[in-house]
Amino acid sequence: MTTPADFSPAIANQFYLARQPILNRSQRLVAYELLFRHADAESAHVTDDATATASVIAHASELGMEQVVGDQMAFVNVDEVGLMSDFIHFLPTDKVILEILETVHATPDVLARVQELKEQGFRFALDDVIHHSEDVQKFQPMADVIKVDIHDMSRADLDALALSLKSSPQKLLAEKVETIEEYQHCMDLGFEYFQGYYFARPVILSGKKIEPSQLAILHLLNLLNTDADQQEIERSVKHDALITLNLLRLVNTPAVGARFRINSVSHALIVLGRRQLQRWLQILLYVKTGPRQEFDSPLLLMATTRGKMMELMMERLHPGQRTGADIGFTVGIMSLMNTLFSVPMEEILDSVNVIDDVRAALLYRRGEYGDMLSLIEHVERAGDSGEMADLLANLEMEPADLFEVQVAAYDWVNEYRTGLH
């Protein structure tokens with residue numbers, strides 16, 4: 001049997017991973033689509049379909065799906081070569097939904113192969129559906145999910161397509177949803193799942209103020225940034241019952257590793273340490289309060305992943321410079337706070353004491369931190385490979401370095417969530 005390792009290592013080193021969230025109607029994360037892209041605009045011509053498909057499956061299988069997607073499912077694109085190949089069996093059937101690309105035609109051989117794989121436990125989605133074509137009709141009975149590309153569709157065409165598919169047993173997924181208005185319209189049409197970055201786009205509300213609980217956290221972050229004494233930090237924590245409760249809950253989780261139960265704020269602060277306290281407060285801003293704390297909101301996961309990636313990039317580029325790595329984490333996690341608070345980034349930065357490098361990165365994507373943030377945003381959207389190559393060159397990073405940082409960040413975020421649940 002052909003194995004995923006049979007493709008060229010040189011080609012493998014040119015890939016990076018784009019992991020795009022898929023949300024349900026409750027805005028909870030249920031899956032990721034994994035997109036493997038060439039980071040070098042010059043390299044695309046060196047691969048044939050078989051090699052490119054093998055490299056995608058190799059990356060997905062060798063990483064271990066749990067490391068990349070945690071508890072969620074992974075949607076993995078497959079063309080006809082991938083469907084007909086032996087090495088597709090290296091993908092775990094319990095973690096993967098195979099996404100049949102729109103370029104695949106429903107020939108008798110392909111239909112027979114899809115049916116065979118379905119009987120072996122694989123699940124399928126149809127990708128980029130824009131009309132009820134003959135191929136779609138033939139694949140539909142074997143599909144579990146139908147992905148509708150809403151990007152270039154008129155509202156009338158989308159309404160008609162959704163109506164024609166609504167009575168089918170397949171779940172409908174709207175992809176390339178970029179605005180809240182598009183999301184709401186697809187909700188009204190009965191779509192079950194949504195893919196796109198509407199949830200991460202800031203919707204600035206006129207006159208909106210940051211909530212008192214969030215202001216309390218920002219005040220604590222200011223105390224840490226100005227190196228306030230321990231007693232002042234302890235007093236500030238104790239003034240907010242929610243922060244106190246969450247702090248004690250945190251330090252008594254396996255993630256922190258305390259050997260016995262901690263019941264006092266002063267002891268909790270000592271055990272956690274200032275660096276971890278700062279990181280935890282930054283993350284806590286994204287956590288919705290209520291009877292059940294939500295540590296799996298897509299905005300929280302995106303912000304923490306950005307933060308960890310920037311920290312790891314700084315460690316790689318400037319070994320031993322702990323302060324720079326911590327600032328990188330701060331830039332990454334703050335980059336979505338305008339979306340979180342629905343207020344302009346300038347207003348947020350006026351509430352927090354940050355250095356000029358952080359301000360330049362968050363407002364204008366300038367400086368080394370700004371370059372890193374631009375790179376991560378480009379990766380999230382699986383952007384143009386030529387621009388990706390330029391962004392990597394600016395940071396003197398290779399695609400393999402980026403890939404390693406990504407996987408390490410995903411793993412850390414998954415571990416952190418597990419410890420907090």
Side-chain angles (χ1 to χ4, degrees), residues 15-23 27 29-39 56 59-60 63 67-70 72-77 99 147 149 151 173-180 182-183 193-203 283 286 296-313 328-340 345 361-362 365 369-392 394-395 397 399 401-414 417:
F15 278 93
Y16 70 93
L17 172 64
R19 190 183 72 160
Q20 299 191 336
I22 295 172
L23 280 55
Q27 295 298 282
L29 182 69
V30 293
Y32 287 104
E33 180 176 0
L34 301 184
L35 300 167
F36 293 84
R37 292 287 188 263
H38 277 289
V56 168
H59 277 83
L63 285 173
Q67 190 173 8
V68 177
V69 299
Q72 278 68 46
M73 295 295 294
F75 281 62
V76 176
N77 290 325
E99 198 168 316
K147 297 184 69 175
D149 181 352
H151 184 60
L173 186 158
E175 56 180 330
K176 299 180 184 172
V177 183
E178 296 300 322
T179 68
I180 295 296
E182 288 174 345
Y183 159 70
Y193 304 118
F194 308 88
Q195 182 176 350
Y197 287 98
Y198 64 95
F199 69 89
R201 289 185 180 273
V203 179
I283 291 171
Y286 288 87
D296 58 352
S297 76
L299 205 63
L300 166 66
L301 295 175
M302 180 178 280
T304 50
T305 301
R306 284 184 180 186
K308 192 62 180 179
M309 281 185 68
M310 290 191 64
E311 177 189 4
L312 294 172
M313 284 182 190
F329 187 90
T330 295
V331 171
I333 206 159
M334 287 189 70
S335 64
L336 289 166
M337 284 189 182
N338 53 341
T339 301
L340 174 69
M345 182 62 77
L362 290 171
R365 301 301 187 261
Y369 297 115
D371 287 345
M372 289 180 186
L373 184 54
S374 293
L375 174 62
I376 291 169
E377 290 172 330
H378 199 76
V379 166
E380 289 168 353
R381 287 160 175 75
D384 173 75
S385 59
E387 189 176 343
M388 172 63 68
D390 292 339
L391 290 166
L392 284 169
N394 286 345
L395 293 166
M397 288 181 65
D401 298 327
L402 171 62
F403 193 81
E404 190 176 323
V405 162
Q406 285 179 279
V407 174
Y410 298 155
D411 200 28
W412 180 85
V413 171
N414 290 334
R417 288 175 60 217

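Numbers here are sequence positions counted from 1.
For CD of Glu404, the number of neighbouring non-hydrogen atoms (other residues, nucleotides, ligands) closer than 6.0 Å is 12 at most.
There is a side-chain donor-acceptor pair under 3.5 Å between Arg306 and Ser335. Judged by distance alone, the side chains of Tyr197 and Glu377 never bring a donor and an acceptor atom under 3.5 Å apart.
At a threshold of 4.0 Å, the pair Glu182-Lys176 does not count as salt-bridged, since none of the basic side-chain nitrogens sits closer than that to a carboxylate oxygen.
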Can you check side-chain contact (heavy atoms from CB on, under 4.5 Å) on Thr304 and Ile333, steps first, answer last? CA-CA 6 Å; Thr304 50; Ile333 206 159; 3.9 Å; yes
Could you go through Ile283 and Phe329, starting from their C-alpha distance and side-chain angles, then the distance that decides it, and tell me whether this counts as side-chain contact (heavy atoms from CB on, under 4.5 Å)? CA-CA 11 Å; Ile283 291 171; Phe329 187 90; 4.3 Å; yes
Let me see the working for Tyr32 and Leu301 under side-chain contact (heavy atoms from CB on, under 4.5 Å), right down to the final yes or no. CA-CA 12 Å; Tyr32 287 104; Leu301 295 175; 4.0 Å; yes
Begin from the C-alpha positions of Met310 and Leu373 and carry the test side-chain contact (heavy atoms from CB on, under 4.5 Å) through to its verdict. CA-CA 7 Å; Met310 290 191 64; Leu373 184 54; 4.3 Å; yes
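Between Val177 and Tyr193, every side-chain heavy-atom pair lies at or beyond the 4.5 Å cut-off. The closest side-chain heavy-atom distance from Leu362 to Val331 is below 4.5 Å. By the 4.5 Å heavy-atom criterion applied to side chains, Tyr198 and Leu23 are counted as neighbours. At a threshold of 4.5 Å between non-hydrogen side-chain atoms, the residues Gln406 and Leu312 do not count as touching. In this structure the side chain of Met302 never reaches within 4.5 angstrom of the side chain of Tyr286, judged on heavy atoms. Side-chain contact between Leu375 and Tyr16 is absent, with no heavy atoms from C-beta onward closer than 4.5 Å. At least one side-chain heavy atom of Val379 sits less than 4.5 Å from a side-chain heavy atom of Met388. Using a 4.5 Å heavy-atom threshold, the side chains of Met309 and Leu402 count as touching.
Smallest separation of non-hydrogen atoms from Ala200 and Leu299: CA-CD1, 3.9 Å. In this structure, Leu336 and Ala303 approach most closely via the heavy-atom pair CD1-N, 3.7 Å. For the residue pair Glu380 and Ala18, the shortest heavy atom distance occurs at O-CB, 4.5 Å. Here the closest non-hydrogen pair linking Pro21 and Gln195 is O-CG, 3.6 Å.
Once rounded to the nearest 0.5 Å, the distance linking CG of Leu395 with OG of Ser374 reads 9.0 Å. In this structure, Asp371 CG and Ile376 CD1 are separated by 11.0 Å, a value rounded to the nearest 0.5 Å. To the nearest 0.5 Å, atoms CE (Met334) and OH (Tyr369) are separated by 13.5 Å. Atom CD of Glu99 and atom CG of Asn77 lie 4.5 Å apart (nearest 0.5 Å). A distance of 8.0 Å separates CG in Leu35 from CG in Leu17, rounded to the nearest 0.5 Å. In this structure, CG on Leu34 lies 10.5 Å from CZ on Phe75, to the nearest 0.5 angstrom.
Panel note: side chain Asn414, backbone Tyr410; a donor-acceptor pair is recorded below 3.5 Å.
Of the residues listed (Arg19, Arg381, Lys147), the one engaging Glu33 in a salt bridge (charged side-chain N to carboxylate O under 4.0 Å, His left out) is Lys147, and it is the only one.
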